[in-house]
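Presented below is the structure to which this report refers.
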Amino acid sequence: MLDQIHWLAVVTVLGVLEQAYFFLQVIYARRLFGISPPKISGPPEFERIFRAQVNSSEYFPIFLALLWQAGLFFHQGLAAALGLLYLCARYCYFMGYKASSSERLAPIYFSAGVLWILIAVSALGILHFFLCHYVGLNILQLLTA
């Protein structure tokens, strides 16, 4: 079983570490700009860092669910590769947003595209499972025959 999920686990841990890095960036920005919790407003530089972290946190559960569904129902390697692409795009998004609000756009569109691919791969894998398990129809065998 573990040999079927180890890459998904690696990407998950990397995602958690990335989230921790984003959290730490907010803490450092709070100290730098003298903004104590629960305040969330301040100079634009702080607000961009805060917003990038919050936005990344909001999408993280969606990413994790899709990563694991795609990996379990479709293909672990493809899901892990897409997961790494997503994490790289999110890092570029965070760093771009930290620099300027306009520099966040390309990475956010790219990461959204990766999520849509994960949705499609997950749906195809789940559909294939249901067709095989409940209908007895194996589409992969039909396509290769």
Side-chain angles (χ1 to χ4, degrees), residues 1-135 138-140 143-144:
M1 168 80 178
L2 291 179
D3 61 328
Q4 296 172 352
I5 61 169
H6 62 283
W7 290 118
L8 301 175
V10 167
V11 173
T12 299
V13 169
L14 290 174
V16 169
L17 291 173
E18 183 178 68
Q19 290 296 307
Y21 173 76
F22 295 161
F23 290 135
L24 288 173
Q25 291 301 301
V26 172
I27 291 169
Y28 297 146
R30 283 188 181 282
R31 289 179 184 158
L32 179 66
F33 297 109
I35 300 169
S36 299
K39 289 183 182 177
I40 59 171
S41 61
E45 296 83 4
F46 169 77
E47 289 183 5
R48 286 196 310 267
I49 293 169
F50 181 78
R51 211 38 240 151
Q53 181 270 318
V54 169
N55 186 273
S56 295
S57 294
E58 291 169 346
Y59 276 85
F60 194 61
I62 297 167
F63 162 69
L64 284 180
L66 292 173
L67 172 75
W68 281 86
Q69 287 176 31
L72 293 174
F73 286 98
F74 193 85
H75 190 274
Q76 176 190 206
L78 177 63
L82 289 168
L84 288 175
L85 271 176
Y86 178 82
L87 294 178
C88 287
R90 270 295 159 170
Y91 180 79
C92 291
Y93 163 79
F94 187 90
M95 298 311 282
Y97 207 169
K98 185 177 176 180
S100 164
S101 61
S102 63
E103 290 187 41
R104 79 191 195 288
L105 295 175
I108 195 71
Y109 293 145
F110 185 79
S111 66
V114 173
L115 284 180
W116 280 109
I117 294 169
L118 281 170
I119 289 170
V121 169
S122 297
L124 287 173
I126 292 168
L127 177 65
H128 180 260
F129 172 80
F130 278 114
L131 288 174
C132 284
H133 192 73
Y134 293 108
V135 180
N138 189 333
I139 294 174
L140 294 178
L143 292 175
T144 58

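Along the sequence shown, residues are numbered consecutively beginning with 1.
Sorted by first and then second residue, the pairs that involve residues 3-43 and meet ring pair (Phe, Tyr, Trp, His ring centres under 6.0 Å), not counting sequence neighbours, are F22-F94. Each salt bridge (charged side-chain N to carboxylate O under 4.0 Å, His left out) pair with one or both residues in residues 45-70, not counting sequence neighbours, appears once here: R51-E58. Screening residues 74-90 for side-chain hydrogen bond (donor to acceptor under 3.5 Å, both in side chains), with sequence neighbours left out, gives N55-R90, S56-R90, Y86-R90. Listed by first and then second residue, the salt bridge (charged side-chain N to carboxylate O under 4.0 Å, His left out) pairs involving residues 60-81 amount to none (not counting sequence neighbours).
In terms of heavy atoms, N138 sits closest to H128 at OD1-NE2, 3.2 Å. Among all heavy-atom pairs drawn from A79 and L67, the shortest one is O-CD1, 3.3 Å.
To the nearest 0.5 angstrom, R104 atom CZ is 15.0 Å from C92 atom SG.
Under the 30°/60° scheme for interplanar angles, the aromatic rings of F63 and F60 are found to be tilted.
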Solution key, residues 113-125 side-chain donor-acceptor pairs under 3.5 Å, sequence neighbours excluded:
from : atom 1 : to   : atom 2 : distance (Å)
S122 : OG     : L66  : O      : 3.3
S122 : OG     : A70  : N      : 3.2
S122 : OG     : L118 : O      : 2.8

Which atom pairs, donor and acceptor, lie under 3.5 Å between side-chain atoms of residues 11-19 and protein residues at least two apart or in another chain?
from : atom 1 : to  : atom 2 : distance (Å)
T12  : OG1    : L8  : O      : 2.8
T12  : OG1    : W68 : NE1    : 2.8
Q19  : OE1    : S57 : OG     : 3.2

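S36 pairs by the side-chain hydrogen bond (donor to acceptor under 3.5 Å, both in side chains) definition with nothing, not counting sequence neighbours. The side-chain contact (heavy atoms from CB on, under 4.5 Å) check on Q4 picks up M1, with sequence neighbours excluded. Residues meeting the side-chain contact (heavy atoms from CB on, under 4.5 Å) test with R30, sequence neighbours left out: V26, I35, P37, I40, F46, F50. With sequence neighbours left out, F73 forms a side-chain contact (heavy atoms from CB on, under 4.5 Å) with I126, F129. With sequence neighbours left out, the side-chain contact (heavy atoms from CB on, under 4.5 Å) criterion links Y109 to L105.
Residues Q25 and K98 meet the side-chain proximity criterion, which asks for heavy atoms closer than 4.5 Å. Looking at heavy atoms from C-beta onward, F110 lies in side-chain contact with L85 at the 4.5 angstrom threshold.
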